[in-house]
S.K.: 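After the structure tokens below, expect a handful of questions from me.
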Amino acid sequence: MSDPVVTNPSAASSDAPGAETRVSPQAPGPVPTFDQFGLSADILRAVVESGYTIPTPIQAQAIPVVLAGRDVMGAAQTGTGKTASFSLPIIQRLLPTASTSASPARHPVRALILTPTRELADQVAANVQAYSKHTPLRSTVVFGGVDMNPQSEALRRGVEILIATPGRLLDHVQQKTLNLGQVQMLVLDEADRMLDMGFLPDLQRILNLLPKERQTLLFSATFSGEIKKLAATYLRNPQTIEVARSNSTNANVRQIVFEIAESDKSGAVTQLIRERGLKQVLVFCNSKIGASRLARVLEKDGIVATAIHGDRTQGERMQALDAFKKGEIEALVATDVAARGLDITDLPAVINFDLPFSAEDYVHRIGRTGRAGATGDALSLCSPNERKQLADIEKLIKRPLEVMTLKVDVPVRRESSSGRRDERPARAERGEHRHARSEEPRRRSTSFERSHSRQQPVDDFFLKPYVASPASARKAQDEAAAEAERKSAPRQPLAALLGGLGMPRRTQSES
DNA sequence: AAAAAAC
């Protein structure tokens, strides 16, 4: 029996401009373990307590390279254990000189981790905190939208590892509550996203504040020309590490597209949640207003829903995400603020209420489900004027998506969330409401017809009960096994997947 | 076209 082990990372890159990135080949060898990296016992203990025993491919590749002090250009799918792949070796490298003194002067910022969104910063910080909890190293997180004072106080007391979003970080530098002169290690997480968001000037400012003598790790979903340029300017002889083809989607995620009229979409979301028995679903909209509106409509349909987007206060954002993670909310309706990197354990499904403008965002959105070896559903609602976006997505992921029609059959709502009358108010007017209780609920039935060569009836999909993946699925060893299985077994056609829904859709055997 | 991020 041979288990997958990671090959020499240098064999993994193919950097000709425009060339497709390749999956690094898996060679037979011994089972990799966290023990083999020479990490301190205090770190290993925290790793074990976090439930991990076998490093994921990105961890197996990156940890030795980071420990050796080299710069890294990393491309890894989300959900692959990327955060640990840089956090663990950072902690290890800072540990030998870690001070146990209470003096703030003995705890300068030596590692800086930058992320594009506040929620992601918070999440990375929680991971770093967990991995370093048995060490004397201190860490904290700073981002905008919240009071600066507690952050300033934490910085004043001294931290070795700082996680931040760029704007607030620079704010602290300007306020002189932060000095970056002793940073030895820098991580740019989701670097492509940061460039997309126009962070380049901020990044340049920050990079100019850092010592030239340092180790830089850049993680990005894609190695675009922009990213390569950034790397060429700020990285020194980086080792390229790729563990999965960028722009690829997870085989554990079943992707289905529903052709539907725009006006039927919110009813379709309610119906999918009801008929599929979804207890926890992340719904993506393209606009902040659209997300708020949909959350209100879902609430009217009796679904516990809330919105998360950039126009909500940071307190509301954090509360929404917390409640969602705890399972207190059925539908979290989000903009692309939630598209990247967020780790929601065993999230069973993602719904695209709107198809994203950028096909890459589709890959990131649906990457919130089917993480770490678990399975998930990615259901996308596509209106006639979104066909171009659908085509772009199929082109990016290099395969056609299964398209179905969706017959929306939900009770008539008297008012739309914006206060406008529904387009069919007549029978739902006040006078008739007293009859409604004893009768069949009033329904509107609409099906969006179209001639699509790949079109399939939707009935099979709804006949099968949804089976959530076991909680244990999030462990890293599961992911490694799933990866191996995926490589050895040919992909099943969708029909087979649909037919096998009575059983847990695990891609690996239980051990 | 839209989103995100400092005040």
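Residue numbering restarts at 1 for every chain, and letters A, B, ... go by the order of the sequence lines. These numbers were taken from a predicted model, which means no experiment stands behind them. Basis for what follows: all heavy atoms, side chains included, without hydrogens, waters or symmetry-related copies.
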S.K.: CG of Leu401(A) to CD1 of Ile256(A): how many Å apart, nearest 0.5 Å?
M.R.: 10.0 Å

S.K.: Which of residues 191-199 of chain A sit near DNA chain B, with a heavy atom under 4.0 Å from it?
M.R.: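 Within residues 191-199 of chain A, the residues near DNA chain B are Met197(A), Phe199(A).
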
S.K.: Do Leu230(A) and Leu218(A) touch side chain to side chain, with heavy atoms closer than 4.5 Å?
M.R.: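 Yes, at least one pair of side-chain atoms sits under 4.5 Å.
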
S.K.: Starting at NE2 of His309(A) and ending at C1' of dA3(B), how long is that distance when rounded to a whole Å?
M.R.: 11 Å

S.K.: Calculate the interatomic distance between Asp147(A) atom CG and dA6(B) atom P; express it in whole Å.
M.R.: 14 Å

S.K.: When we call it a touch if two heavy atoms are under 4.0 Å apart, what does Asn286(A) touch: a base, just sugar-phosphate, or nothing?
M.R.: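 Counting heavy atoms under 4.0 Å across all strands, the contact made by Asn286(A) is with sugar-phosphate only.
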
S.K.: Rounding to a whole Å, what distance do you find between Arg205(A):CZ and dA6(B):P?
M.R.: 13 Å

S.K.: With a 3.5 Å distance limit and no angle check, can you tell me whether Gln389(A) reaches the backbone of Leu355(A) through a side-chain donor-acceptor pair?
M.R.: yes

S.K.: For the pair made of CZ in Arg340(A) and C1' in dA5(B), what is the distance, rounded to whole Å?
M.R.: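 For the pair Arg340(A) CZ and dA5(B) C1', the rounded distance is 15 Å.
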
S.K.: In whole Å, what is the span from the CZ atom of Arg365(A) to the P atom of dA4(B)?
M.R.: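 For the pair Arg365(A) CZ and dA4(B) P, the rounded distance is 11 Å.
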
S.K.: Donor-acceptor pair, Glu275(A) side chain versus Leu272(A) backbone, under 3.5 Å?
M.R.: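 Side chain of Glu275(A) to backbone of Leu272(A), a donor-acceptor pair under 3.5 Å: no, none is there.
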
S.K.: For dA6(B) and Thr165(A) - does any side-chain N or O of the residue sit under 4.0 Å from the phosphate oxygens OP1/OP2?
M.R.: yes

S.K.: Nearest-Å distance, CZ (Phe284(A)) to P (dA1(B))?
M.R.: 23 Å

S.K.: Using a strict cut-off of less than 4.0 Å between a Lys/Arg side-chain nitrogen and an Asp/Glu carboxylate oxygen, indicate whether Glu190(A) and Lys82(A) qualify as a salt bridge.
M.R.: yes

S.K.: Which residues within residues 152-161 of chain A lie with some heavy atom under 4.0 Å of an atom in DNA chain B?
M.R.: none

S.K.: What residues form a ring pair (Phe, Tyr, Trp, His ring centres under 6.0 Å) with Phe324(A), not counting sequence neighbours?
M.R.: none

S.K.: Rounded to whole angstroms, how far apart are CD on Glu360(A) and C1' on dA2(B)?
M.R.: 15 Å

S.K.: Quick one: CG on Asp377(A) to OG1 on Thr375(A), what's the gap to the nearest 0.5 Å?
M.R.: 7.5 Å

S.K.: Let's see if you can work this out: which of dA2(B), dA4(B), dA5(B) has an atom nearest to the side-chain heavy atoms of Thr335(A)?
M.R.: dA4(B)

S.K.: Nearest 0.5 Å please: distance from the CD atom of Glu386(A) over to the CD atom of Glu259(A).
M.R.: 9.5 Å

S.K.: State which of dA6(B), dA1(B), dA4(B) makes the closest approach to the side chain of Arg317(A).
M.R.: dA4(B)

S.K.: Separation of Leu342(A) atom CG from dA3(B) atom C1', in whole Å?
M.R.: 14 Å

S.K.: For residues Phe353(A) and Phe284(A), establish whether the separation of their ring centroids is below 6.0 Å.
M.R.: no

S.K.: Of the candidate nucleotides dA5(B), dA4(B), dA6(B), which contains the atom at the shortest distance from the side chain of Lys288(A)?
M.R.: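 The nucleotide sitting nearest to the side chain is dA4(B).
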
